[in-house]
Asks: 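Got a structure here, written out as structure tokens. Questions coming.
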Amino acid sequence: MTTLALLASMMVGNAGQDAHAGETAARPAIAYKILTRPQKTTLEASGRFAGSPQDAADGYIHLSTDAQLTRTADRHFAGQSDLFIAAVDLKAAGDTIKWELSPRSGMEFPHLYGVLQQRQVTWIAPLRRDEQGQVVVPADGAR
């Protein structure tokens with residue numbers, strides 16, 4: 001009976017590892033940072049962006065997946081215009097990216113621990129919404 005319990009435990013452990021590996025594989029290659037015009041100007045002029053005041057308070061730069069952008073824009077940039085989306089290459093960001101669960105939403109967000117470098121950004125485009133108010137991510141990064 002003990003051997004059977006051990007085998008069952010090993011099988012469950014392997015299944016859990018496979019599920020976690022699949023979850024990691026499903027993560028996107030690109031995440032997005034919403035920037036104000038002054039923040040965009042800082043990134044383009046200096047080649048780096050240390051984060052917003054909220055980022056500094058939290059100790060990391062908040063990023064969003066494309067599916068999270070509208071929620072992020074609505075919650076943290078409500079009523080603001082002249083906003084931009086910076087596409088961040090997560091592979092280029094390397095180990096500075098950590099996926100962490102938000103206690104407020106229960107969603108997993110990419111966080112950049114460090115400074116956002118211009119070389120990690122593949123494009124920047126104005127933040128636009130469709131007729132339903134959803135943030136639209138340009139397919140080709142067109143400005």
Side-chain angles (χ1 to χ4, degrees), residues 4-143:
L4 185 57
L6 179 59
L7 286 172
S9 172
M10 290 171 59
M11 290 174 65
V12 169
N14 287 341
Q17 289 173 0
D18 292 344
H20 186 266
E23 180 182 311
T24 302
R27 290 185 176 151
I30 300 289
Y32 303 93
K33 176 64 180 167
I34 298 176
L35 300 169
T36 63
R37 182 171 294 278
Q39 293 169 346
K40 172 185 170 284
T41 300
T42 297
L43 176 61
E44 291 175 334
S46 70
R48 58 194 312 269
F49 175 65
S52 68
Q54 185 63 55
D55 295 332
D58 291 341
Y60 51 82
I61 295 178
H62 293 266
L63 302 175
S64 300
T65 66
D66 58 351
Q68 297 165 333
L69 268 174
T70 298
R71 178 186 174 95
T72 299
D74 291 348
R75 173 165 274 197
H76 301 287
F77 297 89
Q80 296 184 49
S81 58
D82 204 22
L83 297 172
F84 297 85
I85 303 170
V88 178
D89 180 339
L90 297 181
K91 186 173 182 178
D95 292 341
T96 64
I97 298 295
K98 297 198 182 335
W99 289 83
E100 297 175 312
L101 197 62
S102 166
R104 290 185 301 247
S105 69
M107 298 171 72
E108 196 176 37
F109 283 85
H111 295 150
L112 189 151
Y113 283 83
V115 174
L116 178 61
Q117 304 290 331
Q118 179 70 45
R119 64 180 168 72
Q120 298 165 328
V121 175
T122 60
W123 53 261
I124 299 174
L127 186 146
R128 293 198 169 90
R129 294 180 183 257
D130 64 16
E131 300 79 33
Q132 291 77 38
Q134 299 295 305
V135 173
V136 176
V137 175
D140 60 358
R143 298 171 194 214

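Just so you know, residue 1 is the first one in the sequence shown, and it goes up from there. All of these numbers come straight from a predicted model, not from anything done at the bench. Below, all heavy atoms of this structure are taken into account, side chains as well, without hydrogens, waters or symmetry copies.
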Asks: For L127 and Y32: C-alpha separation, side-chain torsions, deciding distance, then whether side chain to side chain contact (heavy atoms under 4.5 Å, CB included) applies.
Replies: CA-CA 11 Å; L127 186 146; Y32 303 93; over 6 Å; no
Asks: Do D55 and F49 come close enough that some side-chain heavy atom pair is under 4.5 Å?
Replies: yes
Asks: So, for I124 and F84, which heavy atoms are closest and what is the spacing to 0.1 Å?
Replies: CG2-CB, 3.9 Å
Asks: What closest approach, in Å, do L90 and A31 show between heavy atoms, and which atom pair accounts for it?
Replies: CD2-CB, 3.7 Å
Asks: Nearest 0.5 angstrom please: T42 OG1 to L116 CG, how far?
Replies: 11.5 Å
Asks: Rounded to the nearest 0.5 Å, what separation is found between the OH atom of Y113 and the CG atom of D58?
Replies: 8.5 Å
Asks: Between D89 (side chain only) and K91 (backbone N and O only), is there a donor and an acceptor less than 3.5 Å apart?
Replies: yes
Asks: Atom NZ in K40, atom NZ in K33: separation rounded to 0.5 Å?
Replies: 15.5 Å
Asks: With the side chain counted from C-beta on, respond yes when Q120 and L112 share a heavy-atom pair under 4.5 Å apart, and no when they do not.
Replies: yes
Asks: Measure the spacing between OG1 of T122 and CD1 of I30 and express it to the nearest 0.5 Å.
Replies: 4.5 Å
Asks: Quick one: sort the H111 and H62 rings into parallel, tilted or perpendicular, breaks at 30° and 60°.
Replies: perpendicular
Asks: Identify whether the distance between the nearest side-chain nitrogen and carboxylate oxygen of R129 and D74 falls below 4.0 Å.
Replies: yes
